[in-house]
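Worksheet: the structure to be examined is printed underneath.
Since the structure is predicted, the reported quantities are computational estimates derived from the model, not experimental observations. Sequence lines set the chain letters: A, B, ... in the order given, protein chains first and strands last, and positions in each chain run from 1.
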Number of protein chains: 2
Amino acid sequence: MPPKTASRPALSRDVVADRALEIADAEGLEAVTIRRLATELGVTPMALYWHFRTKEDLLAGLADRVLDAVELPARGGDWAADLRGAMHALVVAMRPHPQVANLVPTRIMHNQKGLDLTEWALQTLADAGFAPQPAGQLAMQALRSVVGMVTSDPVDGSGMTAEERDAELRTKRAYLASLPPDRYPALIRHADAMTYCPDPDEFFDLGIDLYVAGVRGLAPKA
Amino acid sequence: MPPKTASRPALSRDVVADRALEIADAEGLEAVTIRRLATELGVTPMALYWHFRTKEDLLAGLADRVLDAVELPARGGDWAADLRGAMHALVVAMRPHPQVANLVPTRIMHNQKGLDLTEWALQTLADAGFAPQPAGQLAMQALRSVVGMVTSDPVDGSGMTAEERDAELRTKRAYLASLPPDRYPALIRHADAMTYCPDPDEFFDLGIDLYVAGVRGLAPKA
DNA sequence: ACCTGAACACCGTTCAAGT
DNA sequence: ACCTGAACACCGTTCAAGT
């Protein structure tokens with residue numbers, strides 16, 4: 001039966017991890033603190049140690065929660081489309097939690113969905129004709145590529161309001177415009193493109209396209 | 001003139017940053033602490049605040065120090081070779097300090113060498129025919145690609161002794177071998193390739209090749 | 001099984017003061 | 001200009017104890 005204080009929901013790994021995810025999304029990973037988490041959950045800091053061995057274990061739990069949300073699509077026969085599908089699935093799962101993205105690579109091999117993703121990637125790369133060594137490296141590169149994109153997401157990457165983003169954008173452009181034009185002509189010419197991304201979806205598409213085109217370029221000729 | 005206690009070298013941003021780099025390389029970024037740093041430098045924790053506004057500022061200093069070490073080669077006319085040269089220069093500068101690699105992207109635009117690198121990349125990608133928007137994204141992707149490789153360097157990535165690495169390698173392989181073979185056949189087949197890299201240089205070469213091949217695949221036809 | 005209480009050894013940082 | 005001293009508000013974690 002539930003505890004007396006009906007206000008407090010029962011504690012569990014998932015409840016704690018979900019709350020930690022909310023804090024991380026709203027205020028960044030540094031804001032995720034055993035003590036803060038305990039206060040918000042109406043519990044003593046030590047209570048959390050029943051569910052997580054250490055804070056590191058808790059952070060691993062966050063990464064697992066993100067990986068668990070991955071929905072792998074069905075495989076077709078085309079290796080390029082399959083790679084795209086897996087990367088897109090990862091992007092969809094990770095974009096809501098850009099702060100946690102960096103933790104995912106450490107969990108990829110210790111998580112059911114992570115193993116499924118890796119198996120998928122290895123099979124696909126083997127289909128494309130790669131030997132085990134490059135296939136393994138390219139599979140990991142796909143993961144890192146997605147993590148990198150999500151981490152530097154031009155929109156959601158750093159929980160800010162629209163006004164804050166606007167102010168920062170103006171600051172950045174003013175800064176780039178102030179650079180010596182004889183030394184940094186291209187930088188100045190690209191100032192707008194580097195500071196503003198009209199369509200975030202295109203941002204991710206380009207990253208995935210880049211990876212797939214790279215794999216295609218390196219693939220052994222059939 | 002030097003202070004009385006000749007044992008203590010004069011404090012400065014560079015002296016502090018170099019010491020912090022040593023600690024980070026040997027024991028990881030978490031070991032870099034204002035108080036620890038002060039003790040090692042024979043000084044009060046508060047002394048460091050004369051040279052760095054905050055700890056964040058100190059960490060930025062570490063990233064700057066890594067970027068300062070980049071030696072850009074001369075440019076040829078071939079855009080692919082130029083891209084390769086810039087990425088290789090970044091790899092050479094960052095590999096000795098894999099723990100700091102993650103901090104570099106935040107400094108790339110606030111550092112002389114970072115700006116030089118970006119200018120180089122943008123000019124090269126413009127030469128290859130890219131419009132400003134994709135050129136800007138691809139330039140950042142090159143940086144992230146290098147950071148990702150250095151961060152997961154199979155050899156130097158996580159300051160361990162040869163014995164520790166060997167033990168971990170055996171553990172990992174035993175773990176992969178214990179997976180259900182009907183569900184993870186490729187993973188098991190790739191176990192050796194995923195856990196051991198015979199030549200770290202090839203690891204980085206493949207990553208750079210992947211990026212360049214990707215750019216080539218996306219480049220507008222001449 | 002699940003949680004509390006008190007204590008320990010750390011953090012980064014402010015503020016006033018010394019030289 | 002450069003550094004010290006004392007204090008504040010935090011951390012993660014251990015260990016023994018409660019229910």
Side-chain angles (χ1 to χ4, degrees), chain A residues 1-24 26-65 99-100 102-103 106-107, chain B residues 1-24 26-65 99-100 102-103 106-107:
Chain A
M1 72 176 92
K4 267 193 192 154
T5 48
S7 65
R8 172 160 80 70
L11 226 53
S12 72
R13 275 185 78 94
D14 284 353
V15 166
V16 176
D18 282 341
R19 190 66 172 234
L21 258 186
E22 286 176 30
I23 298 177
E27 304 177 37
L29 256 193
E30 333 78 60
V32 176
T33 268
I34 299 278
R35 293 177 117 102
R36 156 98 182 258
L37 219 33
T39 315
E40 290 201 8
L41 293 168
V43 98
T44 272
M46 291 309 97
L48 303 187
Y49 281 87
W50 181 259
H51 303 277
F52 299 92
R53 225 169 29 76
T54 63
K55 188 184 179 180
E56 215 184 333
D57 192 24
L58 194 164
L59 293 178
L62 297 200
D64 281 336
R65 211 113 180 92
Q99 308 270 2
V100 187
N102 261 322
L103 304 174
T106 68
R107 294 301 297 167
Chain B
M1 69 178 92
K4 266 189 191 160
T5 48
S7 65
R8 171 160 79 71
L11 226 52
S12 72
R13 274 184 79 94
D14 284 354
V15 167
V16 176
D18 282 340
R19 191 65 171 238
L21 257 185
E22 287 176 30
I23 298 178
E27 305 176 38
L29 255 194
E30 333 77 60
V32 176
T33 268
I34 299 278
R35 292 176 118 102
R36 157 99 179 258
L37 220 33
T39 315
E40 291 201 9
L41 293 169
V43 96
T44 272
M46 290 310 96
L48 303 189
Y49 281 86
W50 181 259
H51 303 277
F52 298 93
R53 224 169 30 76
T54 62
K55 188 185 179 181
E56 216 185 332
D57 191 26
L58 194 163
L59 294 178
L62 297 199
D64 282 335
R65 213 115 179 90
Q99 307 270 3
V100 186
N102 260 321
L103 304 175
T106 67
R107 294 302 296 167

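- Whole-Å rounding puts the A/Glu30 CD to D/dC10 C1' distance at 15 Å.
- If you measure from atom CD of B/Glu56 to atom C1' of C/dT13, you get 14 Å, rounded to the nearest angstrom.
- Distance B/Arg36 CZ to C/dC11 C1': 14 Å, rounded to the nearest Å.
- Between B/Thr33 and C/dG12, a side-chain N or O to OP1/OP2 separation shorter than 4.0 Å is present.
- Nearest nucleotide to the side chain of A/Lys55, out of D/dG12, C/dT4, C/dG12: D/dG12.
- Proximity note for B/Arg35 (side chain, C-beta onward) versus D/dC3, C/dG5, D/dA7: the nearest is D/dA7.
- Side-chain proximity of B/Met46 to the nucleotides C/dC3, D/dA6, C/dT4 is greatest for D/dA6.
- In a base pair of the Watson-Crick type (N1 to N3 plus N6-O4 or O6-N4) or a G-U wobble (N1-O2 and O6-N3), with each distance short of 3.5 Å, D/dA6 is matched with C/dT14.
- Between A/Leu41 atom CG and C/dT4 atom P there is a gap of 11 Å when expressed in whole angstrom units.
- As rounded to whole Å, 13 Å separates atom C1' of C/dC8 from atom OH of A/Tyr49.
- Taking atom CG of residue B/Leu11 and atom P of nucleotide D/dT4, one finds them 9 Å apart after rounding to whole Å.
- Within 6.0 Å of CD on B/Glu56 lie no more than 12 heavy atoms contributed by other residues, nucleotides or ligands.
- Considering only side-chain N and O atoms, A/His51 lies under 4.0 angstrom from the phosphate OP1 or OP2 of C/dC3.
- Listed nucleotides: C/dC3, C/dC11, D/dC3. Nearest to the side chain of B/Ala47: D/dC3.
- As rounded to whole Å, 16 Å separates atom C1' of D/dC10 from atom CG of A/Leu37.
- You'll find that the side chain of A/Trp50 is closest to C/dA1, out of D/dC3, C/dA7, C/dA1.
- For C/dT19, the paired base is D/dA1 (Watson-Crick or G-U wobble, both distances below 3.5 Å).
- In this structure, the CD1 atom of A/Ile34 is 14 Å from the P atom of C/dT4, given to the nearest Å.
- In plain terms, the two heavy atoms of B/Leu62 and B/Ala20 that are nearest each other are CD2-CB, 3.6 Å.
- Nearest heavy-atom pair across B/Pro45 and B/Arg35 is CG-CG, 4.2 Å.
- Taking the side chain as every heavy atom from C-beta outward, A/Asn102 and A/Leu29 never approach each other to under 4.5 Å.
- Here the closest non-hydrogen pair linking A/Ile34 and A/Leu48 is O-CD1, 3.5 Å.
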